[in-house]
Amino acid sequence: MGLQQRRQKHKSNKNQPSGGIHMPGSYSRLLGVIGKPNTGKSTFFSAATLAAAEIANYPFTTIKPNRGVGYVRTPCVHPEFKVQDNPNNSLCMDGVRLVPVELIDVAGLVPGAWEGRGLGNQFLDEIRRADALVHIIDASGGTDCEGKVCKPGEHDPLEDVKFLEKEIAMWMASILRKDWQKIARTAETDKKGILAPLEERLSGLGIKRSHIFEAIRKTGLSQEKPTAWSDDDFLGFVDRLRQISKPMLIVANKIDLPTAEANVKRLKELDYIVIPASAEAELALRRAAEKKLIDYRPGDPDFKIAQPEKLSPNQIKALESIQEKVLVKNGSTGVQEAINTAYFKLLHMITVYPVEDVEHLSNHNGSVLPDAYLIPQGATARQFAYIIHTELGESFLYAVDARHKTRIGEEAVLKDRDVVSIVSTKRRT
Ligand SMILES: Nc1nc2c(ncn2[C@@H]2O[C@H](COP(=O)(O)OP(=O)(O)OP(=O)(O)O)[C@@H](O)[C@H]2O)c(=O)[nH]1
Ligand SMILES: [Mg+2]
C-alpha cells in the first residue's frame, strides 16, 4: 500500500481519537520518541498511534515531526463493579481501558546534532515540550552511528545510549551557557538564589523549578555560590537536570532479528529501564486487527486469527513468524509496555475515573464510567477536581469514593483505579 493510500485509510480510522475523544487538558503529558536515524522511531510511532508516518530503510526519512495519539493500557474497573461501561474520553476493549496520550516522533539525531550536524538543533528543539522520552535503539546492531544500514551485529548499540545522553545534555548546556556567568553573578549579588533565574531561562525547555532544585540537591553544588562552580560542575548539573526533567527509557527494538538477543542482555545491565520490542511486529498486528483479520488488543501476549479465509499463505506465515520470534520469546511486542512504562513508571501517573452518580457510576447523561483520567501520583481529591475543571476545583466541597461509598476530604490522596465523585457547591463531577 502506498503512503498516499495509507494516509487516506487512516483518515477514516474510527479508532482515532481525533474524531471524538477529548484529551484531558492540563495534565496531559507528551512522550517524545527519539534516537539516531533508522532505528524504527516512526514504526514505533505508527504502531502506537496507527497514524500514517513515513517509514524507510535509510536515514532522515522523517524530517517534519509526527504528532499523534496513542494509548496507555490499564485494566478497566467495569468488571469489578459488574457494570457495562460507555467510554467517552477513552476506549474499552474487553475489560482493557485504553486512555489517550500524546506522542511525538522526531527526526533522527546524529553525533554533533547539538552543534547543528545532520538535521541539527531544530529536532532537539522539537522535544522541548516532551515530558518523558523513549529512546529507540536498533538492538540488532544493524545501524551505524549515522543511521546507515550496516551488517547486523556490526554496530554496538550501547554506544547509542551514551551518544544520545550527550547530545541532549550538550544542547541544554549550550542554551544555558550563553547567560550562565551573568545568572551566577546576579544570583550572588542580589542574594535571591539561582532557582528563579534558571527557571526563567529554562522554562522554554519544559524544565520546572522543582527539576532545577532537585538537580542542584543531587549534585550537592552550592546554590549560594554558583560562580564557584567549575566547568565540570556545570556540565554535571546539566546532565542531572536532563535526567530529572526528561526521564528516559530504552526501547531495544528489532528483537525479531537474531543479533538482538545478546545486545538486549547487555543493554539491560545499564542503569535504565530497557523494554525489548519489535515495532514492526506491533505495526503488522495492529493493522491486521484494524482490518479485523485477527483478534488482538495492543499489548496482548498473543493474537487469534479471526478470518483465515481472508489471509494469504504469506500473510499467515508472517503472522506465525511474529508469534514465534517475538510474542513467545518476549511475552508481547513491547510497544504497549514501553508506553505504559513511560507514563506509569517514568512520569508516575495513575488512572482515576470521575463519575457523578456513585450508585450507577454514571455522568449526568447516564453514561457509565465514561472517563478515565491520567493524573500524577500523589494528587489529592481537590487537585483532581481542578484537573477536570477549574470551576469544580474552586467550588469543591468533598468527594465520594465510589468503591467504598465513603466521603473523602480535599486532602485525600487518590489511588490508581479509584472511582470518585466530586461534590461541589455548583455541581457534581
Ligand atoms: N526487523 C525490524 N525492522 C524494523 C523494526 N522497526 C523498524 N524496522 C525497520 O527499520 C527501518 C527504519 O524504520 P523507521 O521507522 O523509518 O526508522 P526511523 O527511526 O523513524 O528513521 P528516521 O526517520 O530516518 O530517523 C525500516 O526499514 C523499518 O521497516 C523492527 O522491529 N524489526
Ligand atoms: Mg522516522
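Both counts, for ligands and for their atoms, begin at 1 and track the order of listing.
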**Student:** Testing the 3.5 Å rule here: is there a donor-acceptor pair between the side chains of R97 and T74?
**Tutor:** no
**Student:** With no hydrogens and no angle check, just 3.5 Å: does a side-chain donor-acceptor pair link H155 and D160?
**Tutor:** yes
**Student:** In terms of side-chain heavy atoms, does D256 have a donor or acceptor partner in S278 at a distance below 3.5 Å?
**Tutor:** yes
**Student:** Taking any residue with a non-hydrogen atom under 4.0 angstrom from an atom of ligand 1, which ones do you get?
**Tutor:** P37, N38, T39, G40, K41, S42, T43, I55, A56, N57, Y58, P59, F60, T61, T62, G108, N253, K254, D256, L257, S278, A279, E280
**Student:** Among side-chain atoms of T227 and E188, is any donor-acceptor pair under 3.5 angstrom?
**Tutor:** yes
**Student:** I'd like to know if D179 and K182 make a salt bridge, using a cut-off of under 4.0 Å between side-chain N and carboxylate O.
**Tutor:** no
**Student:** How long is the straight-line distance from CG of L319 back to CG of L285, given to the nearest 0.5 Å?
**Tutor:** 6.5 Å
**Student:** Rounded to the nearest 0.5 Å, what separates atom CD1 in I137 from atom CG in L164?
**Tutor:** 8.0 Å
**Student:** Hydrogens and angles aside, do S140 and D138 bring a side-chain donor and acceptor to less than 3.5 Å of each other?
**Tutor:** yes
**Student:** Using a cut-off of 2.8 Å, how many protein N, O or S atoms sit around the Mg ion (ligand 2)?
**Tutor:** 2
**Student:** Among R286, E290, E282, K304, find the residue that satisfies the side chain to side chain donor-acceptor pair (under 3.5 Å) test when tested with Y296.
**Tutor:** E282
